[in-house]
Amino acid sequence: MTATTTPANAGFGTPPYPAEAIHRRPPETQTALRTRPGRRVLPGLPLSLGVSLTYLSIVVLLPLVALFARTFSLTFDAFIDAVFAPRVVATYLVSFGAALLAAVTNVVFGGILAWVLVRYSFPGRKLVDTLIDLPFALPTAVAGIALTAIYAKNGVLGAPLEALGLKVAFTPIGIYVAMVFIGLPFVVRTLQPVLQDHEIEFEEAAASLGASRLRTIIRVILPAMIPALLTGFALAFARAVGEYGSIIFIAGNVPYVSEITPLIIITKLEQYDYAGATAVASVMLVISFVLLLAINLLQAWTARRSGRTL
Amino acid sequence: MSVVNIVGTLERSPAIFETRAATSEPAWAKWSLIAVSIAFFSLFLLLPLVVVFVEAFAKGWSLYKDAVTEADAWSAIKLTLIAAAISVPLNLVFGVAAAWAIAKFEFRGKQILLTLIDLPFSVSPVIAGLIYVLLFGAHGWFGPWLKENDLKIIFAVPGIVLATMFVTVPFVARELIPLMQAQGREEEEAAVVLGASGWRVFWSVTLPNVKWALLYGVILTNARAMGEFGAVSVVSGHIRGQTNTLPLHIEILYNEYQFTAAFAVASLLAMLALVTLGAKSLIEWRQKSVLKELQS
């Protein structure tokens, strides 16, 4: 980030990465002021930690505890009934299946996009680079109605695709399209800095040893990108599984066919089936936890591989 | 999961790779990859954005104006602004406090704290709404108590604010933490040794160093706060003119087949998204020019 904007780091080397630059300094300047171990020079830990913990407890922790407490108040049979009801199982298949396909699509095309943005100069490169973040910034409901308009029977793409016999809107394919839209920036933005960092010397060494360009890319660059590609995949997948706003408009929401798991939670809630909604939500939540853990481990791996501090 | 961070480092321009035979691809390969990228980009990102504006103005300017100025749209705009005006400053205070604690100190359980901050990223927005219904809804933990005291959280404005607070938790903190960690604490320590108070250190040393990242964090938080749909949809109750935010208003219009009006209101939020992305580019550009200056 902007570490080098501070005068203290100003004269220090050429930073591709300022964090690294700081680490390269002699260790005594880092710890000069902490001569007595355990004594902190900076004030404010109790206050800042107190504010953060209070906020997190009220906004995040307490509500999540309430969810799990509710789940544990169900009998085991009721839980199993809610979570494995055929209509609910059908939504898992739709949500996880479409999210998997969408994440794979994003790894392939997001990978190519990241490569092109880092390696090639072409007209419009800056615009493409800026708009990659659009799915982060555009409210999901807006994306949802726009995608539906495009792929509906009379839409710009929907009409020609329908003529070819492919129905997108109001089918599981529509869900997949919406998931590709919201997942794309995760792959591109995870891959870009790692690709930037990758030392050019490795490629030159491979070339000078007689490797063809394609072989260099497959055997030298691609392996170095694997942790970042997996992280991007996991982020895109996690987001797609939980996504609601951009999907419900285009999905058609036909039970057993194009109903996603977040929607079944809402449906249960609207029928005052709090127990059922809570049980399904707790299953999704556990899956989010597992994905989050996997993402953190992957990011640590990426950081180690590329020598970057996150 | 700081994927939305501004990377403030000087990136290598593509020219470095393109001018050397050993690190560049044949022209046909290069241009086909660019063509594939632009096609994918146009299809999945550009087209939806363009369609919002085309549909919004499809029936002319006067219909557009009617759609965004009618009473229900106005009350939705007001509620959206109120929700953002409460949740964004709260998130700002929380984000700065969390970043200060995490970046400047070592303590046990830091990793758990970081995970908690990231959690709302990976929790489905629908679940974010549901958890507040379980706490404050009619059948929730505090439901009976709230009813006795004639307080309403779910299907009312406080619920919308709470749900917005949940989904925006990571934004400011995640922008600040990597930056403040990279900057270390030497400058702050020097200021303390020279006799500055804690607040003085924060205002005169830390804040100027992080102001751009902070600004971007706030802009992102605001965009998310105004655009949140899933979480807010669960707690709002969709009471027209009372608990409808802009995204919910879009849904209602759309479901009533008032497509042009739905897209007109959607175009307001799309413009907010474009302003957010523009601000990001501007801040990145500023940071780069500062970096260049310092390097030369």
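In what follows, chains carry the letters A, B, and so on, assigned in the order in which the sequence lines appear, proteins first and then strands, with residues in each chain numbered from 1. Predicted, not measured: the structure shown is a model, and the values here were computed from it.
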Most contact-rich option vs chain B, by heavy-atom pairs under 4.5 angstrom, among A:Ile58, A:Ile200, A:Ile145, is A:Ile145
For A:Leu61, is it the side chain, the backbone, both or neither that has a heavy atom under 4.5 Å from a heavy atom of chain B? side chain
Interface moiety of A:Ala207 toward chain B, non-hydrogen atoms closer than 4.5 Å: side chain
Against chain A, work out which of B:Val169, B:Val36, B:Leu47 has the most heavy-atom pairs shorter than 4.5 Å and name it. B:Leu47
Specify which of B:Ala128, B:Gly129, B:Ala101 makes the most heavy-atom pairs with chain A at under 4.5 Å. B:Ala101
Under 4.5 Å from any heavy atom of chain B, what part of A:Ile248 do you find: side chain, backbone, both or neither? side chain
Among A:Ala66, A:Ser48, A:Pro139, which has the most heavy-atom pairs under 4.5 Å with chain B? A:Ser48
With ring-ring contact (aromatic ring centres under 6.0 Å, His included) as the criterion, how do A:Phe109 and B:Phe41 come out once you've worked through the C-alpha distance, each side chain's angles and the decisive distance to 0.1 Å? CA-CA 9 Å; A:Phe109 288 95; B:Phe41 165 83; over 10 Å; no
Check whether any side-chain N or O of B:Arg185 sits under 3.5 Å from a backbone N or O of B:Lys104 as a donor-acceptor pair, and report yes or no. yes
Any idea which of B:Leu134, B:Val93, B:Val52, B:Val123 has the most non-hydrogen atom pairs under 4.5 angstrom with chain A? B:Leu134
What residue in B:Asn255, B:Leu49, B:Leu162, B:Val50 has the most heavy-atom pairs under 4.5 Å with chain A? B:Leu49
Looking only at A:Leu184, A:Leu291, A:Leu263, A:Thr140, most heavy-atom pairs under 4.5 Å shared with chain B are made by A:Leu184
Ignoring hydrogens and angles, tell me if any N or O in the side chain of B:Ser267 forms a donor-acceptor pair with the backbone of B:Phe53 under 3.5 Å. no
Turns out that what part of A:Ile287 lies under 4.5 Å from chain B's heavy atoms comes down to neither
Non-hydrogen atoms of chain A under 4.5 Å away: do they reach the side chain of B:Ile250, the backbone, both or neither? side chain
What part of A:Val177 lies closer than 4.5 angstrom to a heavy atom of chain B: side chain, backbone, both or neither? both
Any donor and acceptor pair, going by atom type alone, linking the side chain of A:Arg125 with main-chain N or O of A:Leu117 inside 3.5 Å? yes
Please check if the side chain of B:Ser124 supplies one atom and the backbone of A:Gly242 the other of a donor-acceptor pair under 3.5 Å. yes
Kindly give the heavy-atom pair with the smallest separation between A:Gly183 and A:Ala236, and that separation in Å. O-CB, 3.7 Å
If one checks every heavy atom of A:Arg119 against chain B at 4.5 Å, the contacting part turns out to be both
Closer than 4.0 angstrom, basic N to acidic O: yes or no for B:Glu25 and A:Arg213? yes
Side-chain donor or acceptor of B:Lys211 paired with backbone N/O of B:Thr206 under 3.5 Å: no
Side chain / backbone / both / neither for B:Thr115 at chain A, heavy atoms under 4.5 Å: both
Using modelled atom types and a 3.5 Å cut-off, is there a donor and acceptor pairing between side-chain atoms of A:Lys268 and backbone atoms of A:Tyr274? no
Donor-acceptor pair, B:Gln183 side chain versus B:Asn209 backbone, under 3.5 Å? yes
Considering only heavy atoms and a distance below 4.5 Å, find which of B:Ile219, B:Val275, B:Asn91 pairs most often with chain A. B:Asn91
Using the side chain to side chain contact (heavy atoms under 4.5 Å, CB included) rule, take A:Tyr244 and A:Ile265 through it: C-alpha gap first, then chi angles, then the decisive distance, then the call. CA-CA 11 Å; A:Tyr244 176 71; A:Ile265 295 176; over 6 Å; no
With a 4.5 angstrom heavy-atom cut-off, which part of A:Ala143 approaches chain B: side chain, backbone, both or neither? neither
Taking B:Glu228 for its side chain and B:Ala231 for its backbone only, find out whether a donor-acceptor pair lies under 3.5 Å. yes
Counting only heavy atoms from other residues, nucleotides and ligands, does the tally under 6.0 Å from CD of B:Gln111 exceed 12? no
With sequence neighbours left out, the residues meeting side-chain contact (heavy atoms from CB on, under 4.5 Å) with A:Thr148 are A:Phe170, A:Phe249, A:Ile250, B:Tyr254
Quick check for you: among A:Tyr120, A:Phe181, A:Tyr272, A:Trp115, which has the greatest number of heavy-atom pairs under 4.5 Å with chain B? A:Tyr120
Hey, which of A:Leu147, A:Val128, A:Leu127 has the most heavy atom pairs under 4.5 Å with chain B? A:Val128
So what's closer than 4.5 Å to chain B heavy atoms on A:Ile217: side chain, backbone, both or neither? side chain
Do you know which of A:Thr231, A:Thr54, A:Leu62, A:Leu56 has the most heavy-atom pairs under 4.5 Å to chain B? A:Leu56
When the 4.5 angstrom heavy-atom criterion is applied to A:Leu293 and chain B, the contacting part is neither
I'd like to verify something: which residue of B:Val133, B:Leu90, B:Ile34 has the highest number of heavy-atom pairs under 4.5 Å with chain A? B:Ile34
